[in-house]
Amino acid sequence: MRLRDLSAIEVAERVRRQEISAEDYISSIIERIREVDGKINAFISVTAEAALEKAREIDGRIRRGERVGVLAGVAVAIKDNICTLGIRTTCASRILENFIPPYDATVVERLKREDAIIIGKTNMDEFAMGSTTETSYFGPTRNPWDLSKVPGGSSGGSAAALTVDEATLALGSDTGGSIRCPASYCSVIGLKPTYGLVSRYGLIAYANSLEQIGPLAKSTLDCALLLSVIGGYDPRDSTSLRVSAEGYASGLTDDVRGLKIGLIKEFFGEGVEESVKRHVWRAIHTLEDLGAIYDECSLPSLEYALAAYYIIAMSEASSNLARFDGIRYGFRVEHDDADWSRIYAKNRSMGFGAEVKRRIMLGTFALSAGYYEQYYLKALKIRTIIRREFEAALKRFDVLIGPTMPLPPFNIGEKIQDPLTLYMCDILTVPANLTGYPAISIPCGFEGNLPIGLQAISGPLQESTLLRISLALERNTDIIERRPAI
Ligand code: GLN
């Protein structure tokens, strides 16, 4: 087995036992990035030198018999909207093209505490607005399974990097599906945690009330371990829950006997492709063979989920993105203008891409006097109704299941000109963000050579149930082991 194929758990264990050196393993990852990233474009920045230096330091500490963390030596790719001390963090936007954060996000601090190694910052849709990684200022990421297809988004770089072994673990953020969608399209595991389980301190905000940072991984146990490391209470995030996130990996079983699965009727309805349904059904039957039981359930308000999501997300975005004006940091237009509002306008119109500007304008509109009640308040009410429906369903079932995406990966360029069609792709992922409930995407099949993902949603803080299903599918099918030829 090549070093870059090892799981995070194996890397840390072997490095600690001095069976392999962190330096050799990191070198193999860097070599792989050099070999394939010209085709994939998963990274905006690669921190090769610093990573190697850190690897040597860890090897040295181990030789001297010093203690190292649970992720000792493991290469982690970090989405470029998560702040990293001294490492450029762009949000894939021109307006932050040269922004170097003076601090680490809490999740990054926690990774470092466990001796993980940051290998680079990954490509994404600009400010995480999109589902394809095509709105990046740095060009699109390509799907490793078929270079003409999108890798999903907005955390497309993080998912694609894992698929071709350019990293062993990755972080993404999920506001309306941005971890699960690319996980599904690249055939890796991606988990959006319960709202408040993972600190958002240092995550450059798109829509605060919806988003969470979460793990992407090539195996369930790696995903569980990464969640344990990044999760848990953080006093620097006022929405952080006072819970610990320890033990997701150590306590995990694959026993799904007696597990009650609710199949969300609306997730198998119109607009969801037959091929997608077929693969999800096959996974459901695998779970049934392993002793799980299922029944259908209906969540009728889901009809309004997408509209409510986009109104809330854009409203929050319009407020969050007001801070980018090119005055204090980031991109600034050369000008001889004395009028500050004209300077702002120039910086912002040149610094932001089309999709970001569209959302700032629509969000501002939805929040403006007279429309606030008609759009924003109504969306909040729908959000409450949807949460109640989920709450009721999760009294009957342990977990709700459906596809992650309504269709397999599509061509680059195919939908980007038509925002509404693109927004429709998020129809199955946004409900979990509206409710704040955790949700996972698990590889469940291939249509031709294109990956299909199954989505499971549980009640708050029931991540271990989601991981249990993932482990059961991982151990009883061969889907997740497949790798693209590149
Ligand atoms: N595609 C959705 C959007 O564009 C979700 C993005 C995300 O989760 N960051 O808003």
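Nothing fancy with the numbering, it's 1 onward along the sequence. Just follow the structure's listing: the first ligand is 1, and inside any ligand the first atom is 1.
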Near [X], which atoms of ligand 1 are under 4.0 Å from a heavy atom of that residue?
| X | answer |
| --- | --- |
| Thr175 | 7 (C), 8 (O), 9 (N) |
| Ser154 | 9 (N) |
| Asp426 | 1 (N), 2 (C), 3 (C) |
| Met129 | 4 (O) |
| Ala128 | 6 (C), 7 (C), 9 (N) |

Do [X] and [Y] pair up side chain to side chain, a donor and an acceptor below 3.5 Å, judged on atom types alone?
| X | Y | value |
| --- | --- | --- |
| Asn123 | Asp80 | no |
| Asn411 | Lys149 | yes |
| Thr89 | Thr84 | yes |
| Arg383 | Tyr304 | no |

Requested in this report: Give a yes/no verdict on whether any heavy atom in Gly130 is under 4.0 Å from an atom of ligand 1.
Outcome: yes
**Report entry** Tyr309 heavy atom under 4.0 Å from ligand 1
**Finding:**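 Yes.
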Report task. Only one of Leu466, Ile442, Leu252, Ile469 passes side-chain contact (heavy atoms from CB on, under 4.5 Å) with Thr220; say which it is. Result ->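 Per the side-chain contact (heavy atoms from CB on, under 4.5 Å) rule, the option paired with Thr220 is Leu252, out of Leu466, Ile442, Leu252, Ile469.
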Requested in this report: Report the part of Tyr310 (side chain from C-beta onward, or backbone N, CA, C, O) that has a heavy atom under 4.0 Å from ligand 1; answer both or neither where that applies.
Outcome: side chain
Query raised in the report: Is Arg359 touching ligand 1 with its side chain, its backbone, both, or neither, if touching means heavy atoms under 4.0 Å apart?
Result: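 Side chain only.
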Requested in this report: Inspect the surroundings of CZ in Arg388 and state if more than 12 heavy atoms from other residues, nucleotides or ligands are less than 6.0 Å away.
Outcome: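 Not buried by this count: 12 neighbours or fewer within 6.0 Å.
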Query - Test of proximity, Asp174 against ligand 1: N or O pairs below 3.5 Å - result: no
Query raised in the report: Less than 4.0 Å between a side-chain N and a carboxylate O, is that true for Glu447 and Arg278?
Result: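 Between Glu447 and Arg278 there is a salt bridge, with a charged N closer than 4.0 Å to a carboxylate O.
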Report task. In plain terms, say whether Lys218 and Glu481 are close enough for a salt bridge, that is, a side-chain N and a carboxylate O under 4.0 Å apart. Result -> no
Query raised in the report: Nearest to atom 6 (C) of ligand 1, what protein heavy atom do you find, and at what distance?
Result: Ser178 OG, 2.9 Å
